[in-house]
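Contents: one structure, followed by commentary.
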Amino acid sequence: MISLSDYNHPHSPHSLAVSVKDLGLTYTTSIDKKPTLKARLRTLGRGKKHTRVVNALSDVNIDVHYGAVLGVIGSNGAGKSSLMRVISGIVPPTKGRVEVYGSVSTLLALGVGFNPAMTGRDNVYLGGLAAGMSREDIDQNFDAIADFSELGEAIDAPMRTYSSGMYARLAFSVAAVVEPDILIIDEALSTGDAKFKEKSLNRIKELRSSDRALILVSHALATIEDVCNEVVWLNKGTLMARGNPSEVIAQYRTFVNARKSASSDEDV
Amino acid sequence: MDKPVVVYEPFRAGLPPMRDYLRTLWGRRTFIAEFSRSELREKNYGTVFGQLWLVLNPLLLSGVYFLLIYVIKGSNDANRFGHLTATLFLFYLIANSLTGGVKAITSGQRLILNTSFPRVMLPISATVIALFKFVPTLIVFAAIHLLIGLPYSWQMFWAIPIFLIALLMGLGMSILISCINVYFRDVSSMLPYLTRSLLYLSPILYEASSVSDEIKSLEIINPLFYLLDSWSRVVVYAQAPTTFGLLHSLIWALTIFIVGTYFFLSRERDFAVRL
Ligand SMILES: Nc1ncnc2c1ncn2[C@@H]1O[C@H](COP(=O)(O)OP(=O)(O)OP(=O)(O)O)[C@@H](O)[C@H]1O
Ligand SMILES: [Mg+2]
């Protein structure tokens with residue numbers, strides 16, 4: 001969900017917002033299901049490796065400027081979420097360097113920090129605090145959040161009684177009130193019903209401004225083409241193309257169709 | 001050109017910039033409180049019966065252990081029951097902190113992979129939860145103290161520093177074990193044996209004075225032995241603790257806290273890729 005670093009940094013339009021240089025990232029997963037003391041002791045002295053590395057990103061270079069709306073596309077497992085995690089400081093890079101010039105708010109997954117046993121109201125606070133907002137911020141914005149979510153009375157019901165769409169609505173509403181310098185949204189738009197989807201898309205469009213940088217990760221190519229002014233395409237952890245949305249998306253489409261004739265182009 | 005606000009570079013084991021870290025942590029204190037409250041609520045402690053259970057559970061436990069002592073030793077004086085409840089309740093502050101802490105990081109996967117915040121908040125909330133559970137037992141003990149007519153004196157104010165040492169010990173253990181469990185997941189399944197051993201090796205079911213000198217000198221390696229002994233002296237017998245007892249527990253608490261925090265803080269940026 002969102003997390004707001006507490007830096008407040010003045011910046012001019014078109015100045016650099018995020019700079020990613022020669023970025024490489026590997027995850028360490030163990031060969032057994034879980035790293036255990038037992039497994040470690042058993043392989044002790046035999047020099048056997050007990051971990052396996054997954055290459056999620058290699059040699060990625062991206063600059064994002066203020067005023068830009070950058071779309072990130074690519075197939076499942078391409079490393080999109082991993083890239084977002086590095087930019088927001090959740091995962092340290094294995095190689096390379098990432099520089100961030102401003103406060104970052106990330107919406108990587110909806111409803112992180114929510115506790116289903118609590119009411120929607122409690123979760124607005126819980127999720128907001130998890131995102132780095134202060135209690136006063138949330139107090140001030142509570143009505144706006146509740147309105148945006150359109151949950152009505154249900155806001156005082158426990159969240160375990162919510163439908164998944166209602167859950168997503170509240171989660172997006174909490175995230176939507178933050179106004180950071182750099183906003184990263186990972187596949188959070190394709191939730192809710194058609195009406196809410198449009199509403200959240202409009203909210204994203206509202207957030208576009210010359211002194212803010214937006215990074216959107218999505219499989220909804222039409223949305224990306226509609227909202228973004230620049231697109232990067234990741235494939236298996238490497239940067240395949242970047243530039244004009246319609247061109248990159250067209251390249252990506254041909255690439256996908258070349259491998260798989262079934263058309264999966266239609267957007268959600 | 002602007003200077004970067006934040007730079008992320010490859011992970012190296014080492015402490016993060018401490019001032020920034022502590023500032024961020026302090027800024028997140030309301031989240032720690034709210035997070036702990038919601039965890040407690042999830043386990044139904046929000047209801048009247050849930051809170052009643054918080055009181056009833058330790059009471060029943062001490063009843064069971066009292067029965068055990070009675071069967072084995074045949075003694076049933078009031079002091080013994082007072083000692084048992086007082087030390088057992090304090091022991092549970094630390095044990096709950098350990099059991100809550102062990103999975104604090106590994107079960108917070110979703111939070112850790114999607115939000116950036118000082119990770120040490122998670123084991124801290126485990127200790128806060130243990131503290132929430134401890135407070136009602138303190139009230140129960142005050143009632144027991146009154147009912148069985150244990151003595152009072154000004155020396156009982158020693159309870160405050162001893163309690164703080166216990167809290168520091170619990171916090172240190174929670175931080176240390178949550179970090180260890182990231183690298184060795186079977187630690188969480190070995191933990192019940194560890195807490196059980198601590199329970200039996202500490203002066204809870206017996207009194208420190210009844211232990212032979214040889215064993216007592218071995219108990220130096222038990223961080224809880226003199227802590228619980230001091231606690232019992234102060235809150236049950238209304239005497240001052242021994243200087244040795246205080247120092248022993250303080251040094252253990254500080255050591256565990258410092259070692260645990262050092263390991264945790266120097267590794268925490270590595271957690272996300274290992275979950
Ligand atoms: N926590 C993790 N531990 C180990 N490997 C991981 C972890 N998270 C991701 N990976 C691996 O890293 C690679 C990139 O994953 P990532 O989540 O960045 O893909 P993605 O582009 O976001 O895909 P999707 O479109 O499905 O969201 C995948 O091969 C995945 O298996
Ligand atoms: Mg993803």
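Side-chain atoms are counted along with the backbone in the values below, which use heavy atoms only and exclude waters and symmetry mates. Convention: sequence-line order gives letters A, B, ...; per-chain numbering from 1. These numbers were taken from a predicted model, which means no experiment stands behind them.
Of the atoms belonging to A/Ile87, it is backbone heavy atoms, and not side-chain ones, that fall under 4.5 Å from chain B. With a 4.5 Å cut-off on non-hydrogen atoms, A/Val86 touches chain B through its backbone but not through its side chain. Proximity to chain A (any heavy atom under 4.5 Å) is restricted, for B/Tyr183, to the backbone atoms N, CA, C and O.
Few gaps surround OH on A/Tyr27; more than 12 heavy atoms of other groups in view lie less than 6.0 Å from it.
Under 3.5 Å, the side chains of A/Ser58 and A/Thr238 contain no donor-acceptor pair of N or O atoms. The closest side-chain donor-acceptor pair between A/Asp122 and B/Ser38, if any, does not fall under 3.5 angstrom. Side-chain contact annotation: B/Asn222 with B/Glu219, donor-acceptor N/O pair under 3.5 Å present. No hydrogens or angles considered: a donor-acceptor pair under 3.5 Å links the side chains of A/Ser81 and A/Asp186.
Between B/Arg37 and B/Glu39 there is no salt bridge, since none of the side-chain N atoms of the basic residue sits less than 4.0 Å from a carboxylate O of the acidic one.
Looking at A/Tyr125, A/Phe172, A/Tyr167 one by one, the single match for ring-ring contact (aromatic ring centres under 6.0 Å, His included) with A/Phe114 turns out to be A/Tyr167. Checking A/Ile215, A/Leu207, A/Leu216 one by one against A/Leu183, the side chain to side chain contact (heavy atoms under 4.5 Å, CB included) holds for a single residue, A/Leu207.
The interface of residues 186-194 of chain B with chain A, defined by heavy-atom distances below 4.5 Å, comprises B/Asp186, B/Met190. Among the residues in residues 105-112 of chain B, those with a non-hydrogen atom closer than 4.5 angstrom to a non-hydrogen atom of chain A are B/Arg110, B/Leu111, B/Ile112.
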Decide ring-ring contact (aromatic ring centres under 6.0 Å, His included) for B/Phe264 and B/Phe271; before the verdict, give the C-alpha distance in whole Å, the side-chain angles of both, and the deciding distance to 0.1 Å.
-> CA-CA 10 Å; B/Phe264 192 99; B/Phe271 291 167; 5.2 Å; yes
Derivation of the salt bridge (Lys or Arg N to Asp or Glu O under 4.0 Å) call for A/Asp59 and A/Lys95 | CA-CA 8 Å; A/Asp59 291 320; A/Lys95 223 168 85 5; 3.4 Å; yes
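Between chain A and the residues B/Phe31, B/Phe35, B/Tyr8, the largest count of heavy-atom pairs under 4.5 Å involves B/Tyr8. Each of A/Pro92, A/Pro93, A/Ala117, A/Ser82 has some count of heavy-atom pairs under 4.5 Å with chain B, and the biggest count is that of A/Pro93.
Between B/Phe134 and B/Phe163, the ring planes lie parallel to each other; the angle is under 30°, not in the 30° to 60° tilted range.
In this structure, the side chain of A/Ser19 does not engage the main chain of A/Glu99 through any donor-acceptor pair within 3.5 Å.
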